[in-house]
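To find a chain, count down the sequence lines: A is the first, B the second, and so on, and within it residues start at 1. Side chains are part of it too, since the values below use all heavy atoms of this structure and drop only hydrogens, waters and symmetry mates.
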Amino acid sequence: MLKSLRSFGLAILPQAAAIAVTMFLGFVLVAAIADEPLLAYRELLFANFDSRSNFALFINRATPIALIAVGIVFAFRAGVFNVGGEGQLYLGAMAATVVALFLSDLPGAMLLPLCLLGGILAGGIWGWIPAVLKVRLAVDEVVSTLMLNFVALLFTSYLVNHPLRDPEAYGALSRKVPESVWLPSIPGLPNASMGFVAAVILAIISWIVLFRTSWGAEVRAAGTNIRFAEAIGTPGGRRVIEAMFVAGAFAGLAGALYVLGIGHRFEQNFSPAYGLVALTVALLARVHPIGALLTSLYYALMLNGAAYMQIATDVPRSLVVLLTGLLVLFMTVRLRPPRVVG
Amino acid sequence: MEMASFIAAVLIQSTPILLAGLAAMITLRANILNVAVEGMMLVGAFVAIAVGDLTGNALIAVVSAVFAAFLVSQALAFFTLKLHADFIVAGLGINLLAAGGTLFLLERVYYNPGGLRPITFPEIWHVPDGSLSFIPILGPAFEGQSAIVLIALLAIPACHVFLYRTPTGSYLRAAGEDEHAARSAGIRVNRMKTLAVAISGVLSGLAGAQLAMDRLHFFLPEMTAGRGFIGLAATLFGNGLPSATAVASFLFGLFGAIGDRLQAFNIPAQFVLMLPYVAAVVGLGIGMWRIKMRNRPAKIEGEDKRPGA
């Protein structure tokens, strides 16, 4: 017991150290520019728990991050560096919106699953494309997923600005989806969408699938060494593509749940770079589904806390982007050189 | 005349991509996929406008932009080569830091998160009007282009000469191709990689300066809009060769210029803006497909499966 605790501690030590160093540097920066650095940091870290409604916002913030991050865990385990979470998220949100708006006559019990399915498929396909390009043609997935992000963002921006635009709303917003597909809130926590419960359940299922099924083992084998995986007879390339579809599907579902549970419509620029944040979360969590869920909470805390900090003090909220950058930079730092293979 | 102005538009669109592409190419030859080009460009663009605003001197602005991007590149080199951080992760970290840092400064120092728009800004040297009109078509296209466009064009042969005609260039390529062999041959691999990252920083800084200073004279948050990544795509498309990278960059620039023209025909702006990104993905796909087809007969069955690549 003590030994496993020790190995767990050693496993998360670099990540914990990266967070600690980042938070410390952030504090030095805040102390240098703000009149009340302690108040700023209190707002950043604890204002989320000041009221029930703050806490609900915090839960809502964590949901998309957690879902995309768990999806990215699948991609990473299959050896794919999926930077495309953002585009997959937007397409998922858009697909759910389109389904809900065009089939709005259907009863909610039928329409809701269709919306979710639309989001899952749209995101999944957007993950599938770079995976096929990578496996079949060796196109670098970092570049292709990044490019596809821009395509997805521009495409959804067109849809929300022209065919789907709500003429009565100010700004680029789609019409509202019918109330029959709005997700209920978590009992006892008004305004906190049930999407978070879905994220928790899916994170647990993902852990089981990745580490307790043969499909998961094959995905991980393909990610570790695809030539070896194929040499011993597992369909490595196919598993990589399937894992990327799953990754995209998770991001697409995150988008759908955002529309159905939180936004109730498609909003242009609804995501403060959730895709990249989720990538950070997945890496910080050492590519583990449960870890990703927990780390997404830390991130949601920071993202929302920054807004409270900006209101209460004179520290701009872009501090959090700065801190994220520092954290990502520190995250994979190893003071001892890694073992050289080959 | 119409042709000349179109070529001029292609040149303007291509130059930042070309510089970013060459920046990514140099590091790719040292076996580094440099995703931080985007962030270094952004830093370059910001510093160019901030320093130009402060000093009123275009040359100082360009030099500061290049130097700032160089410093960022050295931070990346330090974290990856000295502290063993993963190159792609650290590169994305640099991009976030650049985006967050510039936004933070806009909010904190300039009190305007929307951007930095100096009222007056020093003009960078442009090819004077009428000076090249004796050359048909190409002459007028080059008139009015900034000095950085010319530097970018000169950088193509310069990169070629550096990589293939100097000892340092061949050491750099050796370090990228087989680290262990290069180390056994007495090449300081880390020094070569640091050099590659430094050169890519300088070129990225130029790219950012061109983007902000040539026509616009202002800085916007995230104004690089993925051009660094398109440059990276151009490098991969061009298989790490200077000339092919340049050709790919001009192709992406061409798509950008065509996009601008299409806007006049009432096509929604989003689809026009999409063109270079779609072109990058499709282009990469076709490029890799051609490489695969070319390599196929020479390979023994079962050996053409690339390990994850």
Side-chain angles (χ1 to χ4, degrees), chain A residues 29 33 79-81 83 129-130 133-134 136-140 142-144 146-151 154-155 157-158 161-162 222-223 225-227 230 236-237 240 273 276 279-280 283 315-338 340 342, chain B residues 33 35 38-39 75-76 79-80 83-90 92-108 113 179-180 221 225-226 229-230 232-233 236 268-271 273-274 276-281 284-289 291-292 302 305-309:
Chain A
L29 186 62
I33 63 162
V80 183
F81 205 106
V83 201
I129 296 171
L133 285 174
K134 177 187 167 72
R136 300 268 175 263
L137 297 173
V139 173
D140 189 273
V142 176
V143 176
S144 63
L146 272 165
M147 297 289 115
L148 287 173
N149 277 350
F150 287 104
V151 177
L154 287 164
F155 180 62
S157 153
Y158 163 73
N161 274 297
H162 296 283
N225 187 338
I226 194 164
R227 279 170 84 162
E230 297 205 324
V240 171
L276 212 61
L279 184 79
T280 313
L283 283 168
V315 182
R317 65 193 294 179
S318 54
L319 175 76
V320 165
V321 188
L322 202 74
L323 291 186
T324 308
L326 279 177
L327 184 57
V328 175
L329 199 56
F330 287 133
M331 203 159 51
T332 52
V333 163
R334 298 287 171 272
L335 292 179
R336 266 166 300 171
V340 179
Chain B
L33 186 73
V35 292
E38 178 84 8
L76 177 67
F79 272 93
T80 50
L83 299 178
H84 315 286
D86 180 89
F87 236 106
I88 295 179
V89 177
L92 291 173
I94 291 278
N95 289 346
L96 275 168
L97 255 173
T102 49
L103 193 59
F104 190 79
L105 286 174
L106 284 179
E107 284 180 328
R108 228 4 248 194
E179 208 167 296
H180 298 284
F229 294 115
I230 294 186
L232 190 56
L236 294 170
Q270 284 91 353
F271 288 105
L273 293 171
M274 223 184 267
Y277 306 111
V278 176
V281 175
L284 269 180
I286 292 173
M288 297 309 285
W289 178 74
I291 290 170
K292 194 180 165 177
K305 283 165 192 144
R306 285 150 181 269

Pairwise distance [atom1]([X]) to [atom2]([Y]) - rounded to 0.5 angstrom:
X	Y	atom1	atom2	result
B/Leu232	A/Asp140	CG	CG	7.0 Å
B/Asp86	A/Met331	CG	CE	9.0 Å
B/Leu284	A/Leu137	CG	CG	10.0 Å
B/Arg108	A/Leu29	CZ	CG	9.0 Å
A/Lys134	B/Met288	NZ	CE	10.0 Å
B/Thr80	A/Leu329	OG1	CG	9.0 Å

Under 4.5 Å between any side-chain heavy atoms of [X] and [Y], yes or no?
X	Y	result
B/Trp289	A/Val139	no
B/Val89	A/Leu283	yes
A/Phe155	B/Gln270	no
A/Val151	B/Val281	no
B/Leu92	A/Phe81	yes

Can you say whether the rings of A/Phe150 and B/Tyr277 are parallel (under 30°), tilted (30 to 60°) or perpendicular (over 60°)? parallel
If you apply the rule side chain to side chain contact (heavy atoms under 4.5 Å, CB included), what do you find for B/Ile230 with A/Met147, and how did you get there? CA-CA 8 Å; B/Ile230 294 186; A/Met147 297 289 115; 3.8 Å; yes
Proximity breakdown for [X] and chain A, heavy-atom pairs closer than 4.5 Å:
X	answer
B/Leu236	side chain
B/Val278	both
B/Leu106	neither

Under a 4.5 Å heavy-atom cut-off, does chain B meet the side chain of [X], its backbone, both or neither?
X	result
A/Leu146	side chain
A/Leu323	neither
A/Asn161	side chain
A/Leu327	neither
A/Leu326	both

Chain B shares the most heavy-atom pairs under 4.5 Å, among A/Leu319, A/Leu279, A/Leu133, with A/Leu319
Please walk me through it: do A/Val143 and B/Phe229 pass side chain to side chain contact (heavy atoms under 4.5 Å, CB included)? CA-CA 7 Å; A/Val143 176; B/Phe229 294 115; 5.6 Å; no
Backbone of A/Arg136 reached by a side-chain donor or acceptor of B/Lys292 within 3.5 Å: yes
Which of the residues B/Gly287, B/Gly285, B/Ala75 is involved in the greatest number of heavy-atom pairs with chain A at under 4.5 angstrom? B/Gly285
Closest non-hydrogen atoms of B/Leu96 and A/Val321, given as atom of the first, atom of the second and distance, are O-CG1, 3.8 Å
Worked verdict on B/Phe271 versus A/Leu154 for side chain to side chain contact (heavy atoms under 4.5 Å, CB included): CA-CA 7 Å; B/Phe271 288 105; A/Leu154 287 164; over 6 Å; no
